[in-house]
Amino acid sequence: LWPWLLASSGLSALVQLVTLPFFPDSPSYLLIQKGNEEACRKAIRKLWGEGDHQAEIDDIMKEKGAMASTKTLRVLEVIKERSLRWQLYIMMTVMTTLQLCGINAIYFYSFEVFHTAKFEEYLIPYVSLGIGLCECLSSILCSTLIDRFGRKVLLWGGYTLMCSVLALLTLTLSLQHRFFWMHYFSVILIFLFVVFYGTGP
């Protein structure tokens with residue numbers, strides 16, 4: 001079953017490969033990058049139907065003017081630019097914490113935790129699949145929460161809850177040989193960590 005599950009991701013890629021040539025180019029790409037207004041109008045008509053779309057074209061032209069007045073910076077220029085210093089620090093902090101938050105360790109050691117929790121050998125791959133499904137569903141949930149609470153709240157909340165779960169997980173893994181129910185608590189904490197990771201960072 002697993003080879004078929006892995007191969008199923010190729011099905012969506014095949015559908016995209018076959019259907020992509022029939023999709024119109026982006027109107028903004030045609031007008032801004034290519035400078036082809038007629039092709040832009042044709043793409044807009046194909047996307048939105050017949051009618052007067054001059055307002056959309058005017059918006060794209062404004063965007064083109066804004067891009068023309070913006071200077072493109074190289075990597076060293078971005079690092080040296082004082083006005084971008086805080087944005088750069090924030091971006092580096094977010095990306096670093098994302099890499100070091102522990103999600104890879106959770107995925108790596110989850111099999112061992114499930115095995116210690118006395119799950120049947122044939123069930124462990126399905127429980128691992130459940131972890132991936134949890135992350136997928138929590139990512140979808142995040143797209144609805146971000147509009148309501150904002151990115152900052154989700155980042156702070158997600159990392160705070162993830163730290164709390166990791167602290168509890170360390171405790172349950174240390175005590176798993178004393179209390180038989182600690183194994184199951186560890187499994188629950190792994191699922192919670194993945195959910196908080198998906199909805200937060």
Side-chain angles (χ1 to χ4, degrees), residues 2 5-6 8-13 15-16 19-20 23-24 26-29 32 47-48 55-56 59-60 62-63 66-67 70 78 81 83-114 117 119 123-173 176 181-201:
W2 281 103
L5 284 172
L6 289 172
S8 64
S9 60
L11 183 63
S12 61
V15 170
Q16 288 181 14
T19 58
L20 200 57
F23 286 112
S26 165
S28 58
Y29 165 76
I32 295 172
L47 286 169
W48 298 322
E56 287 82 3
D59 286 340
I60 296 172
K62 286 178 185 175
E63 184 183 345
M67 287 176 65
T70 304
V78 170
E81 183 64 45
S83 61
L84 300 175
R85 194 72 48 89
W86 275 110
Q87 293 92 318
L88 192 62
Y89 288 155
I90 291 168
M91 186 183 72
M92 287 173 62
T93 303
V94 169
M95 296 310 296
T96 304
T97 52
L98 193 61
Q99 293 299 316
L100 301 176
C101 69
I103 189 67
N104 293 324
I106 289 290
Y107 276 125
F108 187 78
Y109 289 109
S110 61
F111 184 88
E112 186 178 332
V113 173
F114 297 151
F119 277 96
L123 284 176
I124 293 177
Y126 295 101
V127 180
S128 300
L129 186 64
I131 289 179
L133 186 63
C134 270
E135 184 176 355
C136 182
L137 292 175
S138 58
S139 298
I140 295 169
L141 177 64
C142 177
S143 63
T144 59
L145 292 176
I146 197 167
D147 292 329
R148 178 174 292 183
F149 299 108
R151 187 73 175 147
K152 190 175 180 180
V153 173
L154 289 183
L155 279 172
W156 277 107
Y159 280 124
T160 303
L161 291 170
M162 286 163 63
C163 286
S164 304
V165 168
L166 283 179
L168 286 171
L169 187 59
T170 303
L171 185 65
T172 57
L173 290 175
Q176 64 184 355
W181 50 269
M182 281 290 182
H183 304 301
Y184 304 105
F185 196 40
S186 298
V187 172
I188 293 168
L189 288 173
I190 286 174
F191 274 90
L192 283 175
F193 183 87
V194 171
V195 168
F196 295 147
Y197 172 80
T199 53

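The first residue in the sequence is number 1, and the count goes up from there.
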ask   = Is there a donor-acceptor contact under 3.5 Å from the side chain of Thr96 to the main chain of Thr93?
value = no
What's the separation between atom [atom1] in [X] and atom [atom2] in [Y], rounded to the nearest 0.5 Å?
X: Phe149; Y: Leu155; atom1: CZ; atom2: CG; result: 14.0 Å
X: Glu135; Y: Ile106; atom1: CD; atom2: CD1; result: 11.5 Å
X: Phe185; Y: Leu171; atom1: CZ; atom2: CG; result: 8.5 Å
X: Leu168; Y: Leu192; atom1: CG; atom2: CG; result: 9.5 Å
X: Phe114; Y: Ile190; atom1: CZ; atom2: CD1; result: 5.0 Å
X: Phe196; Y: Ile103; atom1: CZ; atom2: CD1; result: 12.5 Å

Heavy-atom pair with the smallest gap, counting every atom of [X] and [Y]:
X: Tyr159; Y: Leu98; answer: OH-N, 3.3 Å
X: Leu166; Y: Cys101; answer: CD1-O, 3.6 Å
X: Ser143; Y: Asp147; answer: O-OD2, 3.7 Å
X: Leu169; Y: Ser186; answer: CD1-O, 3.7 Å
X: Cys142; Y: Leu154; answer: SG-CD1, 3.9 Å

query = What residues, two or more places apart in sequence or in another chain, satisfy side-chain hydrogen bond (donor to acceptor under 3.5 Å, both in side chains) together with Gln87?
reply = none
Would you say the side chain of [Y] lies within less than 4.5 Å of the side chain of [X], judging by non-hydrogen atoms?
X: Val113; Y: His183; result: no
X: Val127; Y: Phe111; result: no
X: Ile60; Y: Ile32; result: yes
X: Val187; Y: Phe191; result: yes
X: Glu56; Y: Pro27; result: no

Ring geometry between Phe193 and Tyr197 (parallel below 30°, tilted from 30 to 60°, perpendicular above 60°) = parallel
ask   = Is Glu81 atom CD crowded by more than 12 heavy atoms from other residues, nucleotides or ligands, each under 6.0 Å away?
value = yes
